[in-house]
Amino acid sequence: MKIASWNVNSLNVRLPHLQRWLDEAKPDVVALQETKQEDHKFPEDALLELGYRSMFCGQKTYNGVAIVSRLPFAGECVTAIPGFEDPQKRVLAATVGDLRIVDLYVVNGEAVGSEKFDYKLRWLAAVREWLREEIAAHPNLVVLGDFNIAPDDRDVFDPKRWREKILCSTPEREAYRSLLDLGLHDSFRLFNDEAGHHSWWDYRLSGFERGWGLRIDLVLVSEALKARCTGAGIDREPRGWERPSDHTPVFVEIADA
DNA sequence: ATGGTAGCACAGCTA
């Protein structure tokens, strides 16, 4: 099973890219973030034509998540963090085969110390408590998405410039750590410990052309799935296509049980 | 130290 995550930054604009990538990369499951469209506008039929069914939880203009899968969905789907009041559509959990998939679009946080930063930390704390339940109920858990956190300095093109800045600050990294402490592993780091692998490049200052990127799109796997992980990676290609998202797809390969 | 681009929507917010 190839399981991927991609922040498409508007599915209205990026549907052709998604279609092309599904055709070329042939993932089994893709978790999308920043679809920025209401559910009645989701391109369900266009994706069905490629053999993918969809679950989605969107809103106009901002946020929005979806899970697209070649295999049928089973079991219960979750579209909000239980017990956490939040009008923003940022989470979606579904079951595909023997895998529980949790798609997260983590709050960006704007700047360290801002109101949005406080929301980011509260949101992450609520997610952690929710994931604690999910992992207990579903040992084969994949938690993936746009984390808006670079786990450590290897994931940042210029750590000095980003030191204690948003996406890299100690409180954010500690919140991320506390998710791993539930028994989750960064699949990319099971196979690669080098610096310089990125998944997001700012549109501003031509970040992609200059190699100014961060690795903030992650695929976490539970202890049970760690043993079944056969590979993980980042597909930089779509970031070079015309009118790209600022993020590129990341993925993991999981062997059948 | 600041700014820069992209999307949505048509001013200003979010990233």
Side-chain angles (χ1 to χ4, degrees), chain A residues 5-21 30-43 46 56-66 81 85-92 103-124 127 144-151 155-169 171-173 175-176 198-218 234 236-250:
Chain A
S5 172
W6 194 4
N7 179 325
V8 291
N9 186 19
S10 169
L11 190 51
N12 293 312
V13 173
R14 231 66 67 188
L15 178 60
H17 281 203
L18 176 61
Q19 289 168 310
R20 177 175 169 186
W21 193 71
V30 187
L32 304 174
Q33 304 86 36
E34 285 205 89
T35 53
K36 298 187 177 179
Q37 63 189 177
E38 290 172 299
D39 289 346
H40 70 271
K41 293 203 171 175
F42 192 90
F56 37 88
C57 177
Q59 66 186 96
K60 204 195 283 190
T61 311
Y62 302 119
N63 310 309
V65 284
I81 306 166
E85 196 67 42
D86 190 3
Q88 303 193 16
K89 309 294 193 186
R90 296 178 171 278
V91 304
L92 183 60
D103 182 11
L104 302 180
Y105 173 46
V106 175
V107 176
N108 173 281
E110 192 192 13
V112 175
S114 68
E115 231 169 80
K116 294 197 187 89
F117 185 74
D118 180 61
Y119 166 48
K120 181 176 197 170
L121 296 181
R122 286 187 292 109
W123 190 93
L124 284 164
V127 162
L144 75 176
D146 176 358
F147 280 70
N148 269 317
I149 299 171
D155 305 308
V156 182
F157 73 96
D158 184 351
K160 267 189 221 152
R161 180 196 179 118
W162 282 85
R163 199 178 127 76
E164 294 303 330
K165 294 277 197 300
I166 195 67
L167 314 183
C168 299
S169 74
E172 291 167 90
R173 285 177 170 173
Y176 169 71
H198 305 138
S199 66
W200 169 78
W201 298 262
D202 202 323
Y203 288 126
R204 297 166 289 190
L205 302 173
S206 302
F208 185 62
E209 289 73 12
R210 300 193 212 206
W212 291 357
L214 277 72
R215 192 175 68 93
I216 56 176
D217 298 273
L218 310 172
I234 301 173
R236 290 166 50 96
E237 219 188 287
R239 188 60 178 79
W241 292 345
E242 197 179 334
R243 204 181 179 191
S245 166
D246 45 349
H247 296 252
T248 212
V250 301

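Just so it is clear: chains get the letters A, B, ... in the order the sequence lines come, proteins before strands, and each one is counted from 1.
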Give the ring-plane orientation class for A:W201 versus A:F208, where under 30° counts as parallel, over 60° as perpendicular and anything between as tilted. perpendicular
Please classify the nucleic acid contact of A:R210 as base, sugar-phosphate, or nothing, using heavy-atom distances under 4.0 Å. nothing
Would you kindly give the CG-to-P distance between A:N9 and B:dA15, to the nearest whole Å? 11 Å
In this structure, how many angstroms lie between the C1' atom of B:dA6 and the CD atom of A:E34, rounded? 11 Å
Please give the distance between the P atoms of B:dA15 and B:dA9 as a whole number of Å. 15 Å
Is the phosphate of B:dT14 approached by A:K116 (side-chain N or O, under 4.0 Å from OP1 or OP2)? yes
note: A:K36, atom NZ; B:dA15, atom P; distance rounded to Å ~ 9 Å
Could you state the atom-to-atom distance from NE2 of A:H247 to P of B:dT14 in whole Å? 17 Å
May I have the distance from A:K120 (atom NZ) to B:dT14 (atom P), rounded to whole angstrom? 15 Å
Round to a whole Å and report the spacing from CG of A:D246 to P of B:dG4. 18 Å
Verify the contact: side-chain N or O of A:S10 to OP1 or OP2 of B:dC8, cut-off strictly under 4.0 Å; return yes or no. yes
Donor-acceptor pair, side chain of A:S10 and main chain of A:K36, under 3.5 angstrom: no
Nearest-nucleotide 5' precedence on DNA chain B, A:V13 against A:D146: A:V13
Can you tell me how far P of B:dC13 sits from OH of A:Y62, to the nearest Å? 8 Å
Distance below 4.0 Å between A:T61 side-chain N/O and B:dA9 OP1 or OP2: yes
Separation of the P atoms in B:dC8 and B:dT2, to the nearest angstrom: 30 Å
Look at the rings of A:F42 and A:F56 and say which category their plane angle falls in: under 30° parallel, 30 to 60° tilted, over 60° perpendicular. parallel
Distance between P atoms of B:dC10 and B:dG4 (Å, rounded): 24 Å
Regarding A:F208, tell me which of base, sugar-phosphate or nothing describes its non-hydrogen contacts under 4.0 Å with the strands shown. nothing
Would you call the rings of A:F157 and A:H198 parallel, tilted or perpendicular if under 30° counts as parallel and over 60° as perpendicular? perpendicular
Measure from NE2 on A:H17 to C1' on B:dG7 and round the result to the nearest Å. 14 Å
Within the supplied structure, the quantity of interest is the number of heavy atoms (other residues, nucleotides, ligands) at a distance under 6.0 Å from A:E115 CD; does it exceed 12? no
Between B:dG4, B:dA15, B:dG7, which nucleotide gets closest to the side-chain atoms of A:L205? B:dG4
A:R204 side-chain N/O to B:dA15 phosphate OP1/OP2 under 4.0 Å: no
So, is A:N12 near the phosphate of B:dC8, with a side-chain N or O under 4.0 Å from OP1 or OP2? yes
Taking atom C1' in both B:dA1 and B:dT14, compute the distance separating them and give it to the nearest angstrom. 22 Å
Non-hydrogen side-chain atoms of A:Q33 and A:D103 separated by less than 4.5 Å: yes
For A:N7 and A:R243, take the nucleotide of DNA chain B holding the closest heavy atom to each; which residue's nucleotide lies nearer the 5' end? A:R243
